Amino acid sequence: MKDYLDSHTHTLASGHAYSTINDNIAAAKRAGLSLLAITEHGPDMDGACRLMYFQNLKVMPRECDGLTVLFGAELNILNRNGDVDLSEETCSSLDVVIASIHPPCYFEEDPDAHLEAYLHVMEKPYVNIIGHPDDGRFPLDYKKLVEAAKEHHKLLEVNSSSLAPHAFRINARENYKEMLRWCREYEAAVVVNSDAHVDVSVGDHRLALKLLEEEKFPEELVVNCDLEQYFSYINYN
């Protein structure tokens with residue numbers, strides 16, 4: 001399967017990652033990628049970027065020696081209403097926006113709240129990707145999740161780091177199998193990402209791609225294979 005992009009990576013600016021923007025760019029080039037997105041954690045994550053960081057990303061060049069470099073955010077979903085930690089005005093200026101549930105920023109305990117949170121956040125036009133919807137600590141009805149992603153033209157992420165032996169997310173592999181089954185049924189597209197927090201992980205999608213291969217998931221539903229298809233889902237143009 002062709003793999004041209006990594007749309008979810010972090011740098012030192014996220015507060016708990018370990019490489020610079022230039023480190024990630026160099027790693028993306030070594031991996032043979034055509035596109036890299038830097039998506040720092042939103043401000044409600046401890047130690048992450050403040051508002052001005054995201055507001056000033058317009059100064060960053062979007063091309064580096066033939067590599068397209070995009071700048072965005074991984075928003076923190078805060079509650080069942082789908083509230084997030086950056087404004088629509090700020091997010092609309094970003095190239096790509098991921099929305100994810102992270103335990104340090106999300107405290108809903110009602111099992112129904114998790115799906116509600118995702119459904120509401122997908123109604124936001126500036127949100128492009130649902131990040132790592134795989135964690136068994138936040139159980140989901142994957143049929144309804146995929147239906148909504150298809151309806152609102154959002155990408156569902158297959159997060160390779162969630163599948164690693166040291167991963168702290170619960171039951172990600174089985175949850176992804178369920179999600180991919182419904183994605184195939186509804187012809188809903190996915191994006192494979194590294195969620196790299198260190199440069200050596202940039203573009204490392206081996207575990208996710210292996211799962212897609214095992215599940216015989218259609219290549220035409222994986223936007224990593226088609227940059228034009230990827231661009232149809234994100235804010236950058």
Side-chain angles (χ1 to χ4, degrees), residues 1-9 28-29 31-39 62 66-70 72 74 94-100 115 118-119 121-134 140-164 169 172-196 201-237:
M1 183 179 291
K2 298 174 183 176
D3 186 8
Y4 294 119
L5 63 93
D6 192 348
S7 189
H8 183 172
T9 70
K29 292 178 181 177
L33 299 181
S34 300
L35 182 146
L36 170 71
I38 307 287
T39 51
R62 265 53 177 186
L67 177 72
T68 298
V69 185
L70 304 184
E74 183 181 14
L94 301 177
D95 300 329
V96 56
V97 175
I98 303 168
S100 306
L115 179 63
Y118 284 123
L119 297 183
V121 85
M122 281 194 272
E123 294 173 353
K124 302 180 188 299
Y126 53 84
V127 170
N128 312 129
I129 298 170
I130 298 301
H132 46 73
D134 54 36
L140 295 172
D141 181 328
Y142 282 101
K143 180 176 184 290
K144 292 181 179 178
L145 182 78
V146 171
E147 285 176 335
K150 180 70 174 181
E151 176 186 356
H152 295 291
H153 195 64
K154 308 299 183 186
L155 290 169
L156 295 173
E157 180 181 73
V158 181
N159 187 300
S160 205
S161 72
S162 295
L163 298 166
R169 298 180 190 122
R173 181 179 179 82
E174 293 308 312
N175 289 334
Y176 275 137
K177 286 183 176 182
E178 175 74 3
M179 187 184 86
L180 292 171
R181 180 168 72 87
W182 289 112
C183 286
R184 186 188 297 108
E185 176 76 17
Y186 287 98
E187 298 184 343
V190 302
V191 60
V192 173
N193 286 324
S194 70
D195 197 0
S201 298
V202 171
D204 185 357
H205 299 155
R206 289 173 292 177
L207 295 176
L209 293 175
K210 182 179 179 182
L211 178 61
L212 293 181
E213 182 180 357
E214 290 172 357
E215 295 300 304
K216 298 181 172 56
F217 193 74
E219 185 172 322
E220 60 268 22
L221 294 179
V222 184
V223 299
N224 299 63
C225 305
D226 185 341
L227 288 175
E228 186 175 346
Q229 186 184 14
Y230 169 76
F231 282 122
S232 76
Y233 282 90
I234 67 169
N235 300 331
Y236 180 81
N237 53 53

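Hydrogens, waters and symmetry mates are skipped; everything else that's a heavy atom, side chains included, is used. This structure is a prediction, so every number in the text was calculated from the model and none was measured.
In this structure, E157 and S7 have side chains that are not in contact, with every pair of non-hydrogen atoms separated by 4.5 Å or more. Here the side chains of L70 and I234 are in contact, with some heavy-atom distance below 4.5 Å. Using a 4.5 Å heavy-atom cutoff, the side chains of M1 and H205 are not in contact. Counting heavy atoms from C-beta on, the side chains of L209 and V222 never come closer than 4.5 Å.
Judged by distance alone, with hydrogens and angles left aside, the side-chain atoms of S160 form no donor-acceptor pair with the main-chain N or O of N193 at under 3.5 Å. The backbone N or O of Y236 lies less than 3.5 Å from no partner atom in the side chain of D95, so there is not a single donor-acceptor pair.
Ion pairing between a basic and an acidic side chain is recognised when a charged N comes within 4.0 Å of a carboxylate O; E147 and K143 show such pairing. A salt bridge links E174 and K177; the closest N-O separation between the charged side-chain nitrogens and carboxylate oxygens is under 4.0 Å.
K144 NZ: 12 or fewer foreign heavy atoms inside a 6.0 Å radius.
Between the side chains of N128 and Y233, not a single donor N or O lies within less than 3.5 Å of an accepting N or O. A donor atom on one side chain and an acceptor atom on the other are not found under 3.5 Å apart for N175 and D134.
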Task: Pair N159-R169, side-chain contact (heavy atoms from CB on, under 4.5 Å): steps then yes or no - done: CA-CA 11 Å; N159 187 300; R169 298 180 190 122; 3.7 Å; yes
